[in-house]
Amino acid sequence: MFLKSLEFMFKSNNINNATRTITALKSYKEIPGPKTLPILGNLLNLKNFGGEYNLLEFRDFQDILQAQYGDIVKWELFNQKNVYLYDPELIRQAFKTDGNTPHRSVLHPILKLHKKLGIKSTLSNSQGERWRKLRSLSNPCMARPQTILSYLSNQNQVANELINLIDNKFQLDSSEYKFNNFDQILRLLALEYVSEIAFDKRLYCVDESKRLEDVSKLVTCINTFFIQAGRLLFSPPIWQYYPTKDWIEFETASRYIFKKTGEYINKAYNDLNNNTSSLCPHHKKQTVLREFLERKEKYGLDTNDVIGLMTDFLMAGVDTTATAIHYLLYDLGTNHLIQEKLYNEINQVVGKSTEITEEHLSQLKYLKCVVKESLRLHSSVPANSRILTEDTVIGDYLIPKGVVLVFCNSFISKCDKYFKNAKKFDPDRWMNGEENINPYAILSFGFGARMCIGRRIAEQEIYLTMIKLIQKYRVDYIGKEPGLKIGLVAAPDQPLDINLFKR
Ligand code: HEM
């Protein structure tokens, strides 16, 4: 009743529209959560300080807090106030406040790195006017379906190189091969896909005979960047004051990534100006990078800003996509009937063709459900956030400006309350529309004006790769259920033993 009347009274959940009801609301201090200390917040509740919570096991940490305190939980560290939300309805209220310039929680290690390296903030790490400018430049370049589809032909070549690499691993007389480093191969693949977008350039990451020098180092550095950024983010911020081992590894890897991206983009810029772009003929018309470079002045941005944006795409688009494919192979390797159903669909729509077209993609309905379901169960981004830019009502509470709202996607997507048989890998749940599923219960790519800008690209890369793999091989996974490795991306804690059998 109380909630119903609130819902009626608030046209929006911004408190300015609802001052009359302010007394009916509970305060931020009343939000349940472990006891906090002045200044330190919940520091002494952390395992490193003798407490019970381990931030480095972030998914367990989220689940434990929910089990102890319910669907809205307060957690503080020093001056940062967080509120964890475990209910899609509360998340819906939080997104309503997004407005034109949503603020996402800043990744402090990256902020410090940018300062040290003299890099202006990038899309994923900027706020307010700066973010709006970068996003306004990026949206038309990245969100137009036709632009992304124009990469399909080149992406087919890349995916074929993956198939060649796999085929070369099979012994002459054998139809089976067990991979225990597929995660590395998938990172190379994802880097190749992204570099075409970010650099207008093939690095030949997957084709060992043509692979450009330094590519392996670049991939290792991107991986180190992800792991160490996560470790720094989820550990007490000693690195803010003293260069710890994790910080040094993070900084060294990042310096290399920025150096290489700068080199590649400057080369692309010169090629563009001199009309000598080396990118294959399919892209003679327009490419994402070319569009960024041509339009930057209109938004008051320069080439360095574009370098920052492209480096961002590299960092945001490699481990996320590689991990998503890795988990898809795990899900299909442990659910053979679903795999066969997918194979039948691919066989029916694509047959033996090696050139996947827009027409094929539009017909592969079950494939899209398989990908969506795998992302639901194994979201590579296990939580997302927004910083409140004004006092806001969430549930029964009035939460002050400046608090970080954390959306616990991975908890919600495994809740039977929101998904029937939530822990089951069941792509069919998406086949007949989504009318019974709360849209805020699955946020694999985020939501609203600040949602993942690479979504279309990522989905196209994943669909294409899965078509090529399932068309040629049967996948089997026989190991134990993998644990989680914490980083900026939630990935399996070990390389998965993926067995491939030639069909
Ligand atoms: C399976 C792959 C991917 C997943 C699961 C994923 C997920 C996400 C999520 C959850 C966000 C936060 C959205 C929000 O705050 O509402 C995000 C942001 C972002 N993603 Fe992705 N992503 C993927 C692939 C990519 C790719 C391939 C690129 C680039 C080519 C990319 C570039 C970005 C960027 C730049 C942002 C920041 C956007 C902003 O703050 O305006 N992502 N992604």
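Numbers here simply count residues along the sequence, with the first being 1.
- Legend: salt bridge (charged side-chain N to carboxylate O under 4.0 Å, His left out) pairs involving residues 112-121, not counting sequence neighbours, sorted by first then second residue: K116-E251, K120-D302, K120-D305.
- Salt-bridge annotation for E129 and K133: absent, with no side-chain N of the basic residue lying under 4.0 Å from a carboxylate O of the acidic one.
- Under the 6.0 Å distance and 45° angle rule, K414 does not count as a cation-pi partner of F419.
- Among residue pairs with one or both ends in residues 415-426, those qualifying as salt bridge (charged side-chain N to carboxylate O under 4.0 Å, His left out) are D71-K417; sequence neighbours excluded.
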Can V404 and Q80 be said to form a side-chain contact (heavy atoms from CB on, under 4.5 Å), step by step?
CA-CA 8 Å; V404 177; Q80 182 163 315; 4.0 Å; yes

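- Figure legend: cation-pi geometry between K74 and Y84 absent, as NZ or CZ is not positioned both under 6.0 Å from the six-membered ring centre and within 45° of its axis.
- Residue D493 qualifies as enclosed at atom CG: its count of foreign heavy atoms under 6.0 Å is above 12.
- In this structure, Y28 has its ring center at least 6.0 angstrom away from the ring center of Y397.
- Residues passing the ring-ring contact (aromatic ring centres under 6.0 Å, His included) test with F250 are F225, W247, sequence neighbours excluded.
- Between D98 and R450 no salt bridge is recorded (no basic side-chain N to carboxylate O distance below 4.0 Å).
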CA sep, side-chain torsions, deciding dist, call: K47, E52, salt bridge (charged side-chain N to carboxylate O under 4.0 Å, His left out):
CA-CA 5 Å; K47 243 192 183 125; E52 65 174 304; over 6 Å; no

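- Heavy-atom minimum distance, N125 versus L107: OD1-N, 3.2 Å.
- Taking the six-membered ring for Trp and thresholds of 30 and 60 degrees, F61 and W75 have ring planes more than 60 degrees apart, a perpendicular arrangement.
- Between K401 and D391 there is no salt bridge, since none of the side-chain N atoms of the basic residue sits less than 4.0 Å from a carboxylate O of the acidic one.
- Residues that satisfy the ring-ring contact (aromatic ring centres under 6.0 Å, His included) test with Y477, not counting sequence neighbours, are Y330.
- Annotation: salt bridge (charged side-chain N to carboxylate O under 4.0 Å, His left out) contacts involving residues 319-328, sequence neighbours excluded, comprise R187-D319.
- Ring centroid separation for the pair F407 and F95 comes in under the 6.0 Å cut-off.
- Every residue two or more places apart in sequence or in another chain was checked for a ring-ring contact (aromatic ring centres under 6.0 Å, His included) with Y366, and none qualifies.
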